[in-house]
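Input: a single structure, listed below in structure tokens.
Residues take their numbers from the sequence shown, with the count starting at 1.
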Amino acid sequence: MMAEKNNQASPSAAATNGQHPTIDEESATLPSQELKRKKRIKLAIYISAFVVIQIIVITTFALTVMRVNSPKLRLGAISVQTLNASSSTPSFDMTFTTQVRIKNTNFGRYKFDATNVRFMYEDRAVGQVRIPKSKAGMRSTKKIDVTVSLNSKELPSRSRYNLGNELKTGVLSLRSEARLAGKVELMFVMKKKKSAKMGCTLEFNLSTKKIQYLHCYY
């Protein structure tokens, strides 16, 4: 009887020694595999989220910081110092102070070459002012104070005839124009050429000897 019991116990012992997993062992393995699968899914989600965030950051960086815009060139407020005009001659001479403003909206400084701002009556120059070589800082406006002297000495006869008729109205209309050439420096490494253009319309009131209209474009 004892021998028979030993013989019956042997297969069960062999099974528990690793040859065949029991039902309890199989039940314990399933949760472990499920846990690993969930961890892999979470890891994949984290990696995907990180990649998406990086794409958004890079795209935003490229559209803002790395985007290069043309600076804006404008005249500031004008203060008339002297203004003499005659409709009978016809002629004029004047002096005023103003600011030439270079607005740089880029995330890098703008270095520009020297240039001239010309002032015109019709299509003839009546004076100009020199803008020296300089730079406008990152996202800032460079302001250059200038004194401008203008006169009608070089106007041809036809322009003088038109000038005489205009001066009788009590208003003197002029134009100004300029072109600025330079480079925008990004991250102190990349440089991109950018130019700025300006055109302004100016109207001076002869009775008050003040500017009554100033509009700049481009």
TODO: Start with the C-alpha gap between Ile131 and Val146, add the side-chain angles, then the distance that decides, and say whether side chain to side chain contact (heavy atoms under 4.5 Å, CB included) holds.
DONE: CA-CA 8 Å; Ile131 304 301; Val146 295; 4.1 Å; yes
Open item on the list: For a side chain to side chain contact (heavy atoms under 4.5 Å, CB included) check, start with the C-alpha distance between Val126 and Leu155, then their side-chain angles and the critical distance, and finish with the verdict.
Closed with: CA-CA 8 Å; Val126 293; Leu155 290 179; 4.0 Å; yes
Open item on the list: Around atom NZ of Lys103, are there more than 12 heavy atoms from other residues, nucleotides or ligands closer than 6.0 Å?
Closed with: no
Open item on the list: For Glu154, is the CD atom crowded, meaning more than 12 foreign heavy atoms sit under 6.0 Å from it?
Closed with: no
- [ ] Please write out which residues are connected to Met120 in a hydrophobic cluster, directly or through intermediates, given that two of Ile, Leu, Val, Met, Phe, Trp, Tyr count as joined at side-chain heavy-atom separations below 4.5 angstrom.
- [x] none
Taking [Y] as the starting point, is it possible to reach [X] by hopping between hydrophobic residues whose side chains are less than 4.5 Å apart?
X      : Y      : answer
Tyr161 : Tyr121 : no
Met198 : Val129 : yes
Ile144 : Leu180 : yes

Task: Close side-chain approach of Leu163 to Ser152, heavy-atom, < 4.5 Å - done: yes
Open item on the list: Any heavy-atom pair between the side chains of Val148 and Thr95 that's under 4.5 Å?
Closed with: no
Point-to-point distance, once rounded to the nearest 0.5 Å, from [atom1] of [X] to [atom2] of [Y]:
X      : Y      : atom1 : atom2 : answer
Ile102 : Thr141 : CD1   : OG1   : 9.0 Å
Asn106 : Asn69  : CG    : CG    : 5.0 Å
Tyr110 : Lys135 : OH    : NZ    : 14.5 Å
Asp93  : Asn84  : CG    : CG    : 4.5 Å
Lys153 : Phe92  : NZ    : CZ    : 11.5 Å
Lys197 : Leu73  : NZ    : CG    : 12.0 Å

- [ ] Return the set of residues passing side-chain hydrogen bond (donor to acceptor under 3.5 Å, both in side chains) with Arg74 (not counting sequence neighbours), or none when no residue passes.
- [x] none
Task: Pairing residues for Arg130 by the side-chain hydrogen bond (donor to acceptor under 3.5 Å, both in side chains) criterion, not counting sequence neighbours - done: Asn116
Taking all non-hydrogen atoms of both residues into account, name the closest pair between [X] and [Y] and its distance.
X      : Y      : value
Arg101 : Ala77  : NH2-N, 4.4 Å
Gly108 : Val184 : O-CG1, 4.1 Å
Val117 : Ser176 : CG1-CB, 4.4 Å
Cys200 : Leu202 : O-CD1, 3.9 Å
Arg124 : Ser159 : CG-OG, 4.2 Å
Ser86  : Ser88  : OG-OG, 3.0 Å

TODO: Output all residues satisfying salt bridge (charged side-chain N to carboxylate O under 4.0 Å, His left out) with Arg139, sequence neighbours left out; order by chain, then residue number.
DONE: none
TODO: Carefully, step by step, assess Lys183 and Glu185 under the rule salt bridge (Lys or Arg N to Asp or Glu O under 4.0 Å).
DONE: CA-CA 6 Å; Lys183 294 179 180 179; Glu185 297 181 349; over 6 Å; no
Open item on the list: So, using ring pair (Phe, Tyr, Trp, His ring centres under 6.0 Å) as the criterion, who are the partners of Phe119 when residues are at least two apart?
Closed with: Phe96
TODO: Evaluate side chain to side chain contact (heavy atoms under 4.5 Å, CB included) for Phe204 paired with Met94, printing each intermediate quantity in order.
DONE: CA-CA 10 Å; Phe204 295 89; Met94 64 185 305; 3.4 Å; yes
Open item on the list: Checking the side chain of Thr115 only, and the main-chain atoms of Arg179 only, is there a donor and an acceptor separated by less than 3.5 Å?
Closed with: yes
Could you give the side-chain donor-acceptor pairs of residues 209-218 under 3.5 Å, partners two or more places apart or in another chain?
from   : atom 1 : to     : atom 2 : distance (Å)
Lys209 : NZ     : Leu83  : O      : 3.3
Gln212 : OE1    : Asn205 : ND2    : 3.1
Gln212 : NE2    : Glu203 : OE1    : 3.4

Task: Candidate pair Thr97 and Asp145, rule side chain to side chain contact (heavy atoms under 4.5 Å, CB included), full reasoning - done: CA-CA 7 Å; Thr97 59; Asp145 296 319; over 6 Å; no
Task: Pair Glu166 + Lys168, salt bridge at N-O below 4.0 Å - done: no
